[in-house]
Amino acid sequence: MAQRVLVINGPNLNRLGSREPEIYGTLSYSDLTSAVLEKALELGLEADIRQSNSESEIIDWLHLAAESKLPVIMNPAAFTHYSYAIADACAMLVEPLIEVHISNPGAREEFRHHSVVTPSATGVIAGFGVDSYLLALHALSRLLLSKA
Ligand code: DQA
């Protein structure tokens, strides 16, 4: 059976395609989900992709991942920079957590330079557009193989 992975997307990512295309590109959120599903399938993973603008919903999904021992690929979007509640939920995860960003926050405004999620992340992939998610799936599949 394919290993399930939760792919969690934070606020405003549902607006991909129309949201600041010069920064986030022109692919839509539905293009993103199709690319992730396809790559996951290719790697023998089952991607359960979710997006929310609500901090509490994201925290509930992280609790589910902790309880069900699921690996997580997450783009926490703006919550990356200030949500201690999401950071605390990430600290409870028992399987790998890969933090992804479409842009490279380190090369942008000062407030984006700090991530409260990174201390709980296995690794961070940022700056490769939608490919950041595909690279994260690759990294996760290699991690899971090395642990099997
Ligand atoms: C982002 C970077 C964040 O700083 C920003 O708030 C986002 C998207 C990215 O994917 O590049 O919403 O996480």
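Counting starts at 1 for both ligands and their atoms, in listed order. All residue numbers in this chain count up from 1 along the given sequence.
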(request) Please list, chain by chain and in numerical order, all residues satisfying salt bridge (charged side-chain N to carboxylate O under 4.0 Å, His left out) with E46, sequence neighbours excluded. (result) none

(message) Under a 3.5 Å threshold, yes or no: a donor from one side chain and an acceptor from the other, between S28 and D31?
(response) yes

Less than 4.5 Å apart, any side-chain heavy atom of [X] and any of [Y]?
X	Y	result
I49	N9	yes
V7	R50	no
I125	I98	yes

(request) Give a yes or no on this: more than 12 heavy atoms of other residues, nucleotides or ligands lie within 6.0 Å of atom CD of E20. (result) yes

(request) Let me know which protein residues bring a heavy atom to under 4.0 Å of ligand 1; chain then number is fine for ordering. (result) R19, Y24, N75, A77, A78, H81, H101, I102, S103, R112

